[in-house]
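What follows is a single structure, written as structure tokens, with notes after it.
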Amino acid sequence: MAQANTQPIERGFMAFIAEGAEGIGAISNVSVEAIVVYVENSGEFVVPRSAIKIVHDDKVVLDPSRLSRDLLNAVGHAHDREDPTLVG
């Protein structure tokens, strides 16, 4: 069961699949039933609110066991186009 959210979700918040992990994308839309997460190199994915573990510090932590296979595959490739020689 999802934990109580401590902060309303807003566009621009970052989405994560675990506390302390690298962000997987940005929230691009919010509705009563779902949020939309934009994942770099893959586009937008609708995520049901039941997949949200907690919201805090402008972060939305998701439950990977409740995410679609397509979204999980996209997360695995979100940083493919980054240049590893760039520091930042």
Is the side chain of [X] donor-acceptor paired with the backbone N or O of [Y] at a distance under 3.5 Å, no angle test?
X	Y	answer
Gln7	Asp58	yes
Arg11	Ser28	yes
Arg49	Val32	yes

Would you name the heavy atoms of [X] and [Y] that are closest together and state the gap between them?
X	Y	result
Val46	Ala34	CG1-CB, 3.7 Å
Val39	Ala74	CG1-O, 3.9 Å
Pro8	Val55	O-CG1, 4.4 Å
Ser42	Phe45	CB-CE1, 3.9 Å

Evaluate the side-chain proximity of [Y] to [X]: yes if any heavy-atom separation is below 4.5 Å, no if none is.
X	Y	result
Val36	Ile27	no
Glu19	Val61	yes
Ile17	Glu22	no
Ile52	Val60	yes
Ile24	Phe16	no
Arg66	Ser50	yes

Test log, rule side chain to side chain contact (heavy atoms under 4.5 Å, CB included), inputs Leu62 and Val47:
CA-CA 9 Å; Leu62 304 173; Val47 176; 4.1 Å; yes

Rounded to the nearest 0.5 Å, what separation is found between the CG atom of Leu67 and the CG atom of Asn73?
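Reported value, rounded in 0.5 Å steps: 11.5 Å.
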
Please answer: with hydrophobic residues joined when any side-chain heavy atoms are less than 4.5 Å apart, are Tyr38 and Phe13 in the same cluster?
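No, separate clusters.
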
Between Asp63 and Ser65, do the side chains contain a donor N or O and an acceptor N or O under 3.5 Å apart?
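Yes.
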
